[in-house]
Protein chains: 2
Amino acid sequence: MMFEKYVNLLKNKSIQITPQRLEILRYLDKHRNHPTAYQIYTDLKKNNPSLSKTTVYNSLEILNKHNIINSISITGLESRYDIINEMHHHFMCKKCGRIIDIEITCPNIKKTLEIGHKIEEVHGYFKGKCKECLEKEIDKHES
Amino acid sequence: MMFEKYVNLLKNKSIQITPQRLEILRYLDKHRNHPTAYQIYTDLKKNNPSLSKTTVYNSLEILNKHNIINSISITGLESRYDIINEMHHHFMCKKCGRIIDIEITCPNIKKTLEIGHKIEEVHGYFKGKCKECLEKEIDKHES
DNA sequence: TAACTAATTTGTAATGATTATAATTTTATA
DNA sequence: TATAAAATTATAATCATTACAAATTAGTTA
């Protein structure tokens, strides 16, 4: 029951169902904060001490290849992961490091198709200072 | 004369002028194929054997911080670099690995400003199969 | 159900990009 | 020219990711 949703996701793409893959999917569904592979690994290891880092990487790769999850490059350091829902963009705060979903779609897709390249993924990200960090700065100046 | 353009770029931002920084800028101006730090390093080392990898990284960082160059995250593996001209997006071919400039601007900037985060950088990238790789595939099927 | 094959998981080691550090050199300034 | 600050260099360390081989698990067939 608990994993039915994720079982179906895998079945639809005829990917073999394993407990590890289901756990990773459930994790990404619950944690929408764009975790790194390492974060997923350490958190899931708590309930499954024999979990291997390699498994996490392998699973993320196969899930990404089948468009069940999204691998996003923003930081330049590591990849972040996202369970796929509607298309959206990301905002990374240079101050606190948070990555925030931005609920807009890209209106450029049509244009880019005309160039002749086949578009399979659309990624957009912004960098700057997030609302919260901006407000903290104002507070400091006022005090 | 040769480096005047780059000297001015640095002067305008009051960044200290060094031969290494000028060479890196000239390299990025000439090579618009989004090279990695390592590519820049090995190519420039040919004419300057004492060049250090750390210098390349340090220079790229300071140039990026002052918005003279752009650091782009697409591959998840490494950062790529771009001398800044007009705003554009990127396309990465999953087959041949090339990163191609896409000459469109992002019409989302206005929208995102309304959310309250301060946008300092706008990045967009697409992934898929490039025109050339697509054509090669067709050729194969026809033969 | 048992036996067999293929796929997955695991643990460890290797790789590759980037960063830290300290000594040396260069540049800017008095 | 002497001095201080900044940049460069070389090396070592770190961190994310990948390669590899052995052990385990899942799927299939008799």
Please give, in whole Å, the distance from D:dG27 P to A:Ile17 CD1? 7 Å
Over how many whole Å does the gap from A:Glu78 atom CD to D:dT14 atom C1' extend? 14 Å
B:Ile119 side chain near A:Lys129 side chain, heavy-atom distance below 4.5 Å: no
Under 4.0 Å between any heavy atoms, over every strand shown, what does B:Thr55 touch: base, sugar-phosphate, or nothing? Just pick one. base
Shortest side-chain distance from B:Gln20, nucleotide among D:dT17, D:dT9, D:dA7: D:dT9
Whole Å only: how far is the CD atom of B:Gln39 from the P atom of C:dG16? 14 Å
Please tell me which of B:Lys45 and B:Ile15 maps to the more 5' nucleotide of DNA chain D, matching each residue to the nucleotide holding its nearest heavy atom. B:Ile15
Expressed in angstrom and rounded to an integer, what is the separation of B:Asn58 atom CG from C:dA17 atom P? 17 Å
What contact category does B:Ser50 fall into here, base, sugar-phosphate, or nothing, at under 4.0 angstrom with non-hydrogen atoms? sugar-phosphate
Mind telling me whether B:Phe126 and B:His89 have parallel, tilted or perpendicular rings, with 30° and 60° as the class edges? tilted
I want to check one thing: is the phosphate of C:dT9, taken as OP1 and OP2, less than 4.0 Å away from some side-chain N or O of A:Thr18? yes
Measure CD/A:Glu23 against C1'/C:dT9 and give the value in whole Å, please. 15 Å
Whole-Å distance between D:dT9 P and B:Tyr41 OH? 9 Å
Expressed as a whole number of angstroms, how long is the span from A:Leu60:CG to D:dA16:P? 14 Å
On DNA chain D, check which nucleotide each of B:Leu77 and B:Ile62 is closest to and give me the residue with the more 5' one. B:Ile62
For the base of D:dA19, is there a side-chain donor-acceptor partner from A:Thr54 under 3.5 Å away? yes
Is there a donor and acceptor pair, one atom on the side chain of B:Ser59 and one on the base of D:dA7, closer than 3.5 Å? no
Just one of B:Asn8, B:Leu9, B:Leu10 clears the side-chain contact (heavy atoms from CB on, under 4.5 Å) bar with B:Tyr6, so which one? B:Leu9
Measuring from atom CG of B:Leu28 to atom CD1 of B:Ile83, what distance do you get when rounded to the nearest 0.5 angstrom? 6.0 Å
Verify the contact: side-chain N or O of B:Tyr57 to OP1 or OP2 of C:dT18, cut-off strictly under 4.0 Å; return yes or no. yes
Between D:dT18 (C1') and A:Tyr38 (OH): distance, integer Å: 18 Å
Students often get this wrong, so: under 4.0 angstrom with heavy atoms, is A:Leu51 touching a base, only sugar-phosphate, or nothing? sugar-phosphate
If each of B:Gln16 and A:Gly76 is mapped to the nucleotide of DNA chain C with the nearest heavy atom, which maps nearer the 5' terminus, i.e. the 5' end? A:Gly76
Once the angle between the rings of B:His88 and B:His90 is folded into 0 to 90°, is it parallel (under 30°), tilted (30 to 60°) or perpendicular (over 60°)? perpendicular
Counting any heavy atom closer than 4.0 Å, what does B:Ser79 reach on the DNA or RNA strands: base, sugar-phosphate only, or nothing? sugar-phosphate
